[in-house]
Amino acid sequence: MKPFTYVKPPDFESAIPAGAAPRTKYLGGGTNLVDLMREGIELPDHVVDITGLPLDAIEELPNGGLRIGALVRNSTLAADPRIRSRYRVLSEAMLSGASGQLRNMATVGGNLLQRTRCPYFYDTTAACNKRRPGSGCDALEGYNRNCAVLGVSDSCIAAHPSDMCVALAALEAVIHVNGPAGVRRIEIADLHLLPGDTPDLENSLVPGDLITAVELPPPLGARSTYRKVRDRSSYAFALVSVAAALQVEDHKVTEVRLGLGGVGAKPWRAREAERLLLGGPADESAYRRAAEAELAPARVHADNAFKVRLAEATIVAVLRELSLAGVNR
Ligand SMILES: Cc1cc2nc3c(=O)[nH]c(=O)nc-3n(C[C@H](O)[C@H](O)[C@H](O)COP(=O)(O)OP(=O)(O)OC[C@H]3O[C@@H](n4cnc5c(N)ncnc54)[C@H](O)[C@@H]3O)c2cc1C
């Protein structure tokens, strides 16, 4: 491992200037960063441990939403009674990720910025424009079963790995940031960037930006759930996942949110499907038409074409489940 300095600041006044120094990374739970440092993929000169900062509370907001501190652990968030009862899709997404031990360590801020699991990103002998800009993309002609089909480019087809972010996309969460330029709020849709020609630029943060919280808007009236399709029933990343909320009145869709995981270069908000569904009939053929429209722009490669049908089928199945569910979720 390359040598680096380590500090654990007690307050924002010292943390943010330290984080803004060149080649510096913040350390949350370390479950992604430390692995990448061991593999020689992340090579920071300085590591700023933020676990001494007061960012581990989940607070009620006056508008009925919640403010989740960036250091809240994934397992704490999943188990919080307010999350379980008012934002079920988020609790289910958290519980579907990683393992119990990892969720006990992993933080909300770190989950937002976790990096792709594309095997060529992890293989330092392979070409990867995300890891080494301009080196090429071995996934295009290589083993690309886990790669994305939406939002991809000729430079990168890596899938975004987070389950939590898919639920946050459906919930329209807002990310709170404190950085060298002061505090600001970023819509979750604007946090992650599509790869385009610069897949190494993964988010809209600038050096020194510290994620301090995730704000959840007031709960939806709709029922919600998260379904993850994967090779094993536990401890595996999504091939396809769907975060969905659906409200039906008089057989018409009155509210719908859809997020997709495993298929997108970033956490994918299925806006075209939502547009087609809203106000229309709550029936299986409408769900199928909406799912097919969302996946129509998919760009598939040799091993991942199956994700298109799998995503369509999973969207339809989840919407059917929500429209049939008798209990309010
Ligand atoms: C074996 C294994 C299986 C996994 N399976 C899944 C899965 O199925 N689904 C899933 O979603 N995830 C999965 N994960 C990933 C896991 O969710 C992430 O590793 C974890 O969420 C990262 O959180 P962390 O606090 O440990 O982040 P860290 O490793 O500490 O940091 C990750 C990144 O975020 C940055 N960072 C951290 N906190 C902040 C902050 N507050 N502000 C600014 N930058 C910050 C760091 O600098 C770093 O770049 C798995 C991980 C492992 C090791």
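Everything quoted here is computed from the prediction, not taken from an experiment. Atoms within each ligand, like the ligands themselves, are counted from 1 in listed order.
- The closest heavy-atom contact to atom 15 (C) of ligand 1, among the options Q114, M37, R103, comes from Q114.
- Summary of contacts: the protein heavy atom closest to atom 42 (N) of ligand 1 is I211 N, 2.9 Å.
- Between atom 4 (C) of ligand 1 and the options Y26, F237, Y235, the minimum heavy-atom separation is to F237.
- Of all atoms in ligand 1, numbered sequentially from 1 with element shown, those under 4.0 Å from a heavy atom of I50 are 38 (N), 39 (C), 40 (C), 41 (N).
- Atoms of ligand 1 found under 4.0 Å from any heavy atom of G109 (numbered from 1 in listed order, with element): 38 (N).
- Heavy atoms of L36 come nearer than 4.0 angstrom to ligand 1 in no pair at all.
- Of all protein heavy atoms, the one closest to atom 33 (C) of ligand 1 is L113 O, 3.8 Å.
- Using a 4.0 Å heavy-atom cutoff, G19 is absent from the residues neighbouring ligand 1.
- Atom 38 (N) of ligand 1 has G110 N, 3.5 Å as its closest protein atom, hydrogens excluded (heavy atom only).
- Residue contacts with ligand 1, taken as heavy atom pairs separated by less than 4.0 Å, involve A236 solely via the backbone atoms N, CA, C and O.
- Here P161 has backbone heavy atoms under 4.0 Å from ligand 1, and that is the only part of it that gets that close.
- Contacts between T212 and ligand 1 below 4.0 angstrom, taking non-hydrogen atoms only, are absent altogether.
- Note that the CG atom of D303 and the CG atom of N144 stand 4.5 Å from one another [nearest 0.5 Å].
- Within the 4.0 Å heavy-atom criterion, the part of R117 lying near ligand 1 is the side chain and not the backbone.
- I175 and L205 fall within the same hydrophobic cluster, defined by Ile, Leu, Val, Met, Phe, Trp and Tyr side-chain heavy atoms under 4.5 Å apart, directly or through other members.
- Residue contact check: D209 has heavy atoms under 4.0 Å from atoms 43 (C) of ligand 1.
- With a heavy-atom cut-off of 4.0 Å, K228 touches ligand 1 through its side chain alone.
- Close approach to N74 involves these atoms of ligand 1, each under 4.0 Å from a residue heavy atom: 21 (O).
- Contact annotation: for L112 versus ligand 1, there are no heavy atoms closer than 4.0 Å.
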